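Right, one structure below, let's go through it.
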Amino acid sequence: LTSQSLLQDDSLEYDQDIPDKKLFSLDKEGEIYFLVLKRCSTVHKLAYDGLNIVVVNTGDITHLIAGINKFLEEWITKKRKDDQHNLPPYHFSVKIIAKSSNLKSIRKNLESWKERWDPEKGNQIYANCNVDISYKIVNSVDFVNDYYHEIESNNGFANIAFLSHFLTSGISGDEIEPTEPYKTEWSHTGIAKFPIVEFPIPAKNSKANKNRRQSLLSNRRLKAQTIHSNLSAYIRKPKSQSEDFIMYAEVDFSPWEKVINILHKKSDWVVCIDPYIDRKLMESQLSNNTEREIVGFSTGLGAYGELNLSTSTEKKSIVQIKELISPQLNAMYPSWTKEECDQISHKLITEAQKLIGFSLIEATKLYKLHDLIAYSIVLKNNAPIKNAFCDAFIPIDSYQHWFDFFESRPDLLRITASIEQGIISINAEIIECKLSKKNPMYVSEAIHQAKTGLRILSKLFRPISGEK
């Protein structure tokens with residue numbers, strides 16, 4: 001297996017140095033690791049002295065290295081700068097568990113990273129920290145079971161366990177289904193504004209499919225791809241009466257449940273990074289694990305917005321977050337008692353957990369506490385729409401790319417969808433929240449932000465519409 005893996009990546013030669021730009025350049029996926037490490041250090045007091053992480057199923061390890069390097073750079077130079085001389089070195093431990101097919105890339109990148117730890121080579125942050133690295137390579141064939149047994153046999157405990165791109169690594173192959181002929185109005189020049197992407201197919205609620213997720217691979221705007229898909233379908237299904245087909249990929253969450261369960265037993269936080277992971281998959285486990293809580297869920301991450309991020313725990317992190325928020329509530333409203341602040345912080349967190357893309361960890365910061373209060377009140381005072389199969393409140397801050405460089409933007413976007421006379425009806429509502437005493441200036445600012453959101457989002461959601 002080792003020999004086989006060494007032959008798979010001829011582009012990575014051992015006598016070829018990896019430049020700093022490739023090793024430490026913080027791309028969109030590297031930012032995910034950096035932000036999770038930063039948030040963990042906010043909640044867990046022990047993180048002030050060090051962190052212990054486990055990374056399972058990593059592919060391109062440079063994302064991880066860049067994220068860790070950025071975290072250490074910021075944490076050591078900013079957080080511990082004033083008392084570096086009085087504190088022991090910051091301890092950071094990393095254990096990597098990956099498939100044998102990634103062995104050569106992992107080994108080369110780790111060796112290049114370790115070479116940068118020498119302060120004489122210019123990277124001073126590693127002079128004030130101790131970094132321990134270990135890695136375990138498992139069989140590329142039965143890797144899910146091997147991951148489970150390796151994690152189970154490990155006596156150590158981690159602050160954070162990362163599980164990345166795990167569902168995509170288990171794609172069962174392309175599936176083909178007959179469909180209706182493709183029709184579109186090509187006269188609209190704006191049709192070409194949308195990129196070529198693999199669209200997720202809505203999840204099915206049946207018991208047999210609750211752990212399965214699909215994405216549409218066919219893009220029937222592309223004639224060559226469509227002809228190739230149809231040809232493949234004719235070969236696989238020669239007796240089919242249909243002349244048109246669509247192709248999709250399917251993943252199954254079920255084999256990974258035991259891996260995620262054991263990771264929760266062995267770590268404070270379990271962080272899943274994958275295009276197919278969604279909140280429903282994580283919530284489906286809550287009924288069997290009453291102690292498990294979802295600390296945060298975000299979408300639209302990665303280089304192309306393709307990645308989703310979930311953070312869950314069985315170690316009462318929500319209690320720790322509440323303990324951080326309650327005193328800040330008391331500082332904002334001194335007339336409230338400690339018991340009242342504890343009760344209110346609990347209710348605020350319960351409501352905010354319904355928001356996709358809002359981080360409860362970020363809410364522990366004073367400037368984000370206003371958002372937590374305002375968002376929770378909005379959710380509490382807006383009852384679910386009857387007969388809607390989709391009713392979601394989305395924090396705009398999680399999708400800042402919609403607004404490019406516009407600082408003025410609304411807080412929330414509520415999207416509801418229902419079926420009316422056989423047609424899907426989608427409604428989008430912009431919500432701006434202000435938490436303050438009566439002040440006309442805030443009202444005027446809120447109206448301006450709502451109008452900005454309406455103008456920009458209308459163009460994005462209806463690029464070819466001639467209506468105002």
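Here the structure is a predicted model, which is why all the values come from computation and not from measurement. Note that these values count all heavy atoms, side chains included, but never hydrogens, waters or copies made by symmetry.
Cation-pi geometry between Lys258 and Tyr148 is satisfied (NZ or CZ under 6.0 Å from the ring centre, within 45° of the ring normal).
Around the NE2 atom of His346, the shell of radius 6.0 Å holds no more than 12 heavy atoms that belong to other residues, nucleotides or ligands. Other residues, nucleotides and ligands contribute at most 12 non-hydrogen atoms within 6.0 Å of the OH atom of Tyr442.
Atom NZ of Lys210 and atom OG of Ser254 lie 7.5 Å apart (nearest 0.5 Å). With values rounded to the nearest 0.5 angstrom, Phe34 atom CZ is found 10.5 Å from Leu72 atom CG. Thr416 OG1 to Phe393 CZ: the interatomic distance, rounded to the nearest 0.5 Å, is 9.0 Å. Here Ile106 contributes atom CD1 and Lys136 contributes atom NZ; the two are 13.0 Å apart, rounded to the nearest 0.5 Å. Between Ser112 atom OG and Ile65 atom CD1 the span is 8.0 Å, to the nearest 0.5 Å. Expressed to the nearest 0.5 Å, how far CD of Glu306 lies from OG of Ser215 amounts to 12.0 Å.
The main-chain N or O of Val138 is never found under 3.5 Å from a side-chain atom of Asp146 such that the two would form a donor-acceptor pair. Not a single donor-acceptor pair under 3.5 Å links the side chain of Ser444 to the backbone N or O of Pro440. At distances below 3.5 Å, not a single donor-acceptor pair connects side-chain atoms of Ser326 with backbone N or O atoms of Glu323. A distance-only check finds no donor-acceptor pair linking the side chain of Asn308 to the backbone of Asp278 [under 3.5 Å]. The backbone N or O of Tyr90 lies less than 3.5 Å from no partner atom in the side chain of Asn128, so there is not a single donor-acceptor pair. Judged by distance alone, the side chain of Asn159 and the main-chain N or O of Asn52 form a donor-acceptor pair under 3.5 Å. In this structure, the side chain of Asp391 engages the main chain of Ile385 through a donor-acceptor pair within 3.5 Å. Looking at Asn330, its side chain does come within 3.5 Å of a backbone N or O of Trp336 through a donor-acceptor pair. Although no hydrogens or angles enter the test, the distance criterion places a donor-acceptor pair under 3.5 Å between the side chain of Thr337 and the main chain of Glu340. Distance alone, capped at 3.5 Å, is enough to place a donor-acceptor pair between the Asp411 side chain and the Cys433 backbone.
Among all heavy-atom pairs drawn from Ser376 and Leu348, the shortest one is OG-O, 3.0 Å. Leu369 approaches Leu329 most closely through the heavy-atom pair CD2-N, 4.1 Å. For the pair Val56 and Val54, the tightest heavy-atom approach, listed with the atom from each and the gap, is CG2-CG1, 3.9 Å. Minimum interatomic distance between Ser408 and His448 (heavy atoms only, all atoms of both residues): OG-CD2, 3.2 Å. Nearest heavy-atom pair across Asn130 and Pro89 is ND2-CB, 3.9 Å. The two residues Pro395 and Leu412 have their closest heavy-atom pair at CA-CD2, 3.8 Å.
For the pair Trp75 and Leu37, the minimum side-chain heavy-atom distance is 4.5 Å or more. For the pair Leu110 and Ile96, the minimum side-chain heavy-atom distance is below 4.5 Å. When side chains are defined from C-beta on, Ile431 does not count as touching Tyr375, because their heavy atoms never get closer than 4.5 Å. Here the side chains of Arg213 and Leu281 are in contact, with some heavy-atom distance below 4.5 Å. Using a 4.5 Å cut-off on side-chain heavy atoms (C-beta onward), Trp256 and Tyr147 make contact. Residues Lys95 and Asn154 are in side-chain contact: their nearest non-hydrogen atoms beyond the backbone lie under 4.5 Å apart. Side-chain atoms of Ile273 and Leu301, non-hydrogen and from C-beta on, never get closer than 4.5 Å to each other. In this structure, Lys70 and Lys38 have side chains that are not in contact, with every pair of non-hydrogen atoms separated by 4.5 Å or more.
Tested against Glu445, the residues Lys434, Arg409, Lys451 include a single salt bridge (charged side-chain N to carboxylate O under 4.0 Å, His left out) partner, Lys434.
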(request) Just do the side-chain contact (heavy atoms from CB on, under 4.5 Å) check on Leu309 and Val36 with the steps written out, would you? (result) CA-CA 10 Å; Leu309 170 71; Val36 172; 4.3 Å; yes
(request) Test side chain to side chain donor-acceptor pair (under 3.5 Å) on Asp27 and His63 and set out the steps. (result) CA-CA 7 Å; Asp27 59 7; His63 303 305; 2.8 Å; yes
(message) Set out, in order, the CA-CA distance, both residues' side-chain angles and the distance that settles side-chain contact (heavy atoms from CB on, under 4.5 Å) for Ser267 and His264, then state yes or no.
(response) CA-CA 5 Å; Ser267 59; His264 277 98; 5.8 Å; no
(message) side-chain contact (heavy atoms from CB on, under 4.5 Å), that's the test. Do Asn57 and Lys99 meet it? Break it down for me.
(response) CA-CA 7 Å; Asn57 200 58; Lys99 293 179 288 188; 3.7 Å; yes
(request) Take Asn387 and Ser418 through the side chain to side chain donor-acceptor pair (under 3.5 Å) test and state the conclusion after the steps. (result) CA-CA 6 Å; Asn387 302 322; Ser418 57; over 6 Å; no
(request) For side-chain contact (heavy atoms from CB on, under 4.5 Å), just list the numbers for Glu73 and Leu26, CA-CA rounded to whole Å, side-chain angles, deciding distance to a tenth of an Å, and then say yes or no. (result) CA-CA 12 Å; Glu73 185 180 68; Leu26 193 69; over 6 Å; no
(request) Any chance you could lay out the side chain to side chain donor-acceptor pair (under 3.5 Å) test for Tyr33 and Asn69, step after step, and finish with the verdict? (result) CA-CA 10 Å; Tyr33 289 101; Asn69 185 75; over 6 Å; no
